[in-house]
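As structure tokens, the structure follows; a few thoughts come after it.
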Amino acid sequence: MSAPAPAQRKRVAILISGRGSNMTSLIAAAERGDYPAEIALVLSNRPDAGGLATARGRGISTVALDHKQFASRETFEAAMQSALDSHRIEIVCLAGFMRLLTPTFVERWSGKLVNIHPALLPSYKGLHTHERALADGVKIHGCSVHFVAPEMDAGPIIAQAAVPVLDDDTPDTLATRVLAREHQIYPMALRLVASGATRIENGRVLCAGVSTDADAALVSP
Ligand code: GRF
């Protein structure tokens with residue numbers, strides 16, 4: 001595949017609230033010359049988010065907007081929007097961003113706003129996904145990358161990865177196994193979105209030029 005010209009690479013912002021390991025996986029992918037996106041901004045609602053220092057260390061512009069300093073969700077989002085505008089952002093990736101977004105913001109970014117969630121959606125929306133999966137005794141768990149819809153952890157699914165749940169798993173060991181797959185599928189999903197390979201039809205994401213092994217299966221135990 002020939003490398004996209006710099007002008008054709010989509011300008012991406014990553015929104016974080018914490019350590020930013022998914023952010024780091026996206027930055028690493030975008031450092032490859034043939035990747036169709038560049039990470040032009042990392043924005044956090046928490047000035048103490050560990051990921052901000054990581055991003056700065058990789059030479060990426062960062063913005064910290066402490067949501068507690070804003071009178072309302074709307075004024076906080078207006079400040080976010082102006083940071084996104086001034087960095088000419090075309091795609092926004094949520095990566096452990098712990099603020100609910102208003103329908104106005106989500107609709108403004110419709111089809112260009114992507115999130116990663118540590119469960120096989122539509123199962124286990126919300127928090128504590130690994131604890132809940134263990135409590136339910138599921139044998140297979142995983143993670144999802146999806147376009148963001150106004151409802152929490154909803155929207156057309158772009159990519160998913162499944163992992164087995166082991167008898168001696170704790171929420172932490174299961175989280176570690178899922179996180180390794182998050183780091184694999186988020187860069188893959190952003191590549192599909194940024195290259196224009198995805199389209200949404202009747203709530204499903206269809207991907208041009210992707211072949212999936214129809215016989216592949218994860219069986220657990
Ligand atoms: C990840 O598990 C992600 O799926 C969830 O929040 C966590 C963020 O972790 N939305 P990190 O900051 O990317 O390490």
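We count residues from 1, following the sequence as given. All values below were derived from every heavy atom in this structure, side-chain atoms included, with hydrogens, water molecules and symmetry-related copies excluded. Each ligand, and each atom within it, is numbered from 1 in the order the structure gives.
Within 4.0 Å of ligand 1, the residues that place a heavy atom are Arg19, Gly20, Ser21, Asn22, Gly96, Ile116, His117, Pro118, Glu182, listed by chain and number.
Under the 3.5 Å distance criterion, with hydrogens and angles disregarded, no donor-acceptor pair is assigned to the side chains of Thr176 and Thr173.
The shortest distance between side-chain heavy atoms of Leu113 and Phe147 does not fall below 4.5 Å.
Between His141 and Tyr124, the angle of the ring planes goes over 60°, which puts this pair in the perpendicular group of the 30/60° scheme.
Counting only residues at least two apart or in different chains, side chain to side chain donor-acceptor pair (under 3.5 Å) contacts with residues 104-113 comprise Gln81-Trp109. For residues 206-221, no pair satisfies side chain to side chain donor-acceptor pair (under 3.5 Å), with sequence neighbours left out.
With sequence neighbours excluded, no residue satisfies salt bridge (charged side-chain N to carboxylate O under 4.0 Å, His left out) with Asp153.
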